[in-house]
Amino acid sequence: MKVAIYPGCSLEGMENSYLVSLINTFKTLGIDIEEIEDWNCCGATAIPSINLMFSYLLSARVLSIAEESGINTIIAPCSECYNRLAYVNYKIRNDIKFKEKINDYLKNIGLKYDGSVSVKHPLEFLIKDYGIEKLKGKIKKKIDRKIAGYYGCLFVRPREIAIESAENPKTLDEIIKAVGGTPVEYDYKTKCCGASLIITKSDAALKLIRDILKSCIDASAEMIITACPLCHSNLDMQQETISITYREDLRIPVLYFTQLLGISLGLNDEELLLSKNLTYELLEEVIK
Amino acid sequence: MLVEEIKKIADENPLACFQCGNCTGSCPLEFAMDYGPRKIIHMIQIGLDEEVLKSNTIWLCSSCYTCTYRCPRKVSFTRIAYALKNIALKKNIVPRNVKVFYETFLRHVLEYGRLNEGIFVNELVLKAGKSFREVIRDVNLGIRLWRKGKISMKISKIKRVEDIKKLYELVEGKEV
């Protein structure tokens, strides 16, 4: 099995552990990954805030390069990248005027896009394309712990690109069950973590992160798994600041679903970069 | 008029809103906003353009799409907020730290075709005019991230960065 990946800037930068753990986990499952050539930033939330059309063109350039290289499916592990690429793809496939407009612009850089590429989040790819039963068959080590799957926003909303229900999502819970854990029920599964507001409106974002952590801990979760670099960095990196700001102990290990899966597949730290998580020491106590 | 500009930029129609308030009830950031999403849409409907552009609401929208998901009239406040951000930035009605955030992000995209996070975060701490308390908080976190080897100053640049510049030149001033 082979699939193309759009890593995105964050997975190349601070959240490299998501990329490394994903590549190694997929490899162990027998899925080879190739990177899209000369990919550019999707624009995240910043570029659409400056110029919405420019942000659409950034995604369209990536889709066009993929189509030209004969790629059928792209996986985009960052929820923000997934959201941007999948939405532009949806618009191009369903709005002929939009498609024409995009192609009028792309012409100027010698590209065109017809809409043949499908964009998937790796969770969807693993569960639907690879198959959850096949995945269960590969598990070597059971992780019998209470685990909160934190979904965040951008692969469950808006409706046009959602991989599942935003009101009652299940994919991360499927992964938790597959590795032998128990998914906990809590209220904040798809409540926003504030994303980049941690930089521009940090007090507001800290409140959102605090509420999510508290909701997981109150539901007796022993760890949280994430599927997005923005969710991950907010939940993992801000725990100390939150403890000081809110004067409550809300420390809990946070890891990527690919890292959890990797542990249960028997991979080591070099392959999963677990020690890059700021909450790694807490995780060691939980899984020892 | 904002109604027309929003239609042009984001292909959204604020006039379709019948003020049910699902958006405001769903918004995770409403607690920090001058006016919630429902009120902002109402203000757009009755032409209070200046008040809308000056409100802190548009900069607090995190783009979580909860309002969009639950709207019975298929109006996306998230995309309306994007259009409002486009317009407010153009008119320079924007808090300083937000402006620095967007300008620095744009410069990375135009110069490298990608966001180089390590360099980006450093630039923001230096330029954003943060309070002393915030700088201490950032530096404290920065040191911990540095020790973990999470901050890289390596530059990643795409081969055909001129593609990106060209696309921006074509849309700049035309689409907003």
Side-chain angles (χ1 to χ4, degrees), chain A residues 9-10 12-16 38-41 43-55 57-58 61 83 98 105-106 108-111 152-154 156-159 162 166-167 190-197 199-205 207-208 237-238 240-241 275-278, chain B residues 9-11 28-29 31-32 59-60 62-66 68-69 76 78-79 82-83 85-86 89 95 97-98 101-102 105-106 108-109 113-118 121 124 128 134 137 140-141 144-145 148-152 156 158-164 166-168 170-172 174-176:
Chain A
C9 307
S10 194
E12 237 199 4
M14 289 217 266
E15 295 307 315
N16 190 242
D38 209 36
W39 57 268
N40 54 266
C41 172
T45 53
I47 301 298
S49 304
I50 300 164
N51 190 311
L52 200 53
M53 180 48 74
F54 182 47
S55 78
L57 292 170
L58 290 176
R61 180 181 180 272
N83 186 283
F98 182 79
Y105 279 117
L106 287 181
N108 294 286
I109 56 167
L111 293 173
C153 308
L154 295 172
V156 294
R157 286 184 297 261
R159 248 170 245 279
E167 309 293 9
T190 61
K191 268 269 169 123
C192 181
C193 73
S196 67
L197 289 181
I199 298 172
T200 53
K201 294 273 181 192
S202 53
D203 290 342
K207 182 192 179 297
L208 303 187
M237 286 179 195
Q238 299 299 335
E240 198 179 290
T241 308
S275 53
K276 288 235 177 186
N277 295 333
L278 262 63
Chain B
I9 297 169
D11 196 16
L29 284 142
F31 72 93
W59 310 112
L60 274 157
S62 67
S63 184
C64 77
Y65 292 95
T66 313
T68 307
Y69 194 84
S76 171
T78 308
R79 284 192 281 274
Y82 273 138
K85 286 169 187 164
N86 285 197
L89 274 168
N97 70 323
V98 177
F101 176 80
Y102 290 141
F105 199 114
L106 179 65
H108 274 247
V109 170
R114 290 179 189 172
L115 182 75
N116 286 283
E117 278 189 330
V121 170
L124 289 185
E134 284 173 316
R137 214 156 70 179
N140 180 28
L141 178 60
R144 290 166 61 221
L145 295 176
K148 281 275 183 185
K150 284 185 84 120
I151 298 184
S152 159
S156 169
I158 69 170
K159 280 184 241 151
R160 290 186 288 158
V161 76
E162 67 277 6
D163 279 9
I164 310 296
K166 179 84 192 164
L167 291 173
Y168 186 65
L170 291 168
V171 295
E172 225 270 301
K174 196 178 157 196
E175 298 290 349
V176 180

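Just so it is clear, the model here is predicted, and its values are computed rather than measured. Each chain gets a letter, A, B and so on, in the order the sequences are listed, and its residues count up from 1.
Contacts between B:A10 and chain A at a heavy-atom distance below 4.5 Å involve backbone atoms as well as side-chain atoms. Heavy atoms closer than 4.5 Å to chain A are found in the side chain of B:D11, but not in its backbone. Contacts of B:I158 with chain A are made by both backbone and side-chain atoms, with heavy-atom separations under 4.5 Å. Both the backbone and the side chain of B:Y82 come within less than 4.5 Å of a heavy atom of chain A. Heavy-atom distances place both the backbone and the side chain of B:R160 under 4.5 Å from chain A. Looking at A:I50, both its backbone and its side chain come within 4.5 Å of chain B, counting heavy atoms on both sides. Looking at A:E15, both its backbone and its side chain come within 4.5 Å of chain B, counting heavy atoms on both sides. Looking at B:K159, both its backbone and its side chain come within 4.5 Å of chain A, counting heavy atoms on both sides. Looking at A:T241, only its side chain comes within 4.5 Å of chain B, counting heavy atoms on both sides. Heavy atoms closer than 4.5 Å to chain B are found nowhere in A:S55, neither backbone nor side chain. Looking at A:L154, only its side chain comes within 4.5 Å of chain B, counting heavy atoms on both sides.
Ranked by non-hydrogen atom pairs under 4.5 Å with chain B, the options A:R61, A:M237, A:K207, A:Q238 are led by A:R61. Interface summary for chain A: among B:F101, B:Y69, B:F31, the most heavy-atom pairs under 4.5 angstrom belong to B:Y69. Between chain B and the residues A:Y105, A:F98, A:W39, the largest count of heavy-atom pairs under 4.5 Å involves A:W39. Counting heavy-atom pairs closer than 4.5 Å to chain A, the top residue among B:L145, B:T78, B:L124 is B:L145. In terms of non-hydrogen atom pairs under 4.5 Å with chain B, the most contact-rich of A:K191, A:E240, A:K201, A:M53 is A:E240. When each of B:L29, B:I151, B:V98 is checked for heavy-atom pairs under 4.5 Å with chain A, B:L29 comes out on top. In terms of heavy-atom pairs under 4.5 angstrom with chain A, the leader among B:D163, B:V161, B:L89 is B:D163. Your options are A:G13, A:A166, A:A195, and the one with the most heavy-atom pairs under 4.5 Å with chain B is A:A166. Comparing B:L141, B:N140, B:L167, B:T68 by heavy-atom pairs within less than 4.5 Å of chain A, the highest count is held by B:L167. With chain B as partner, the option from A:T45, A:N51, A:V156, A:N83 having the largest number of non-hydrogen pairs under 4.5 angstrom is A:N51. Counting heavy-atom pairs under 4.5 Å between each of B:V176, B:N97, B:T66 and chain A puts B:T66 at the top.
In this structure A:E12 satisfies the salt bridge (charged side-chain N to carboxylate O under 4.0 Å, His left out) test together with B:R114, sequence neighbours excluded. Remark: B:R79 pairs with A:E160, B:E12 by the salt bridge (charged side-chain N to carboxylate O under 4.0 Å, His left out) rule, at least two apart or across chains.
For the atom pair CD of B:E117 and CG of A:N16, the computed distance is 10.0 Å after rounding to the nearest 0.5 Å.
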Run the side-chain contact (heavy atoms from CB on, under 4.5 Å) check on B:L106 and A:I47 step by step: do they pass? CA-CA 7 Å; B:L106 179 65; A:I47 301 298; 3.9 Å; yes
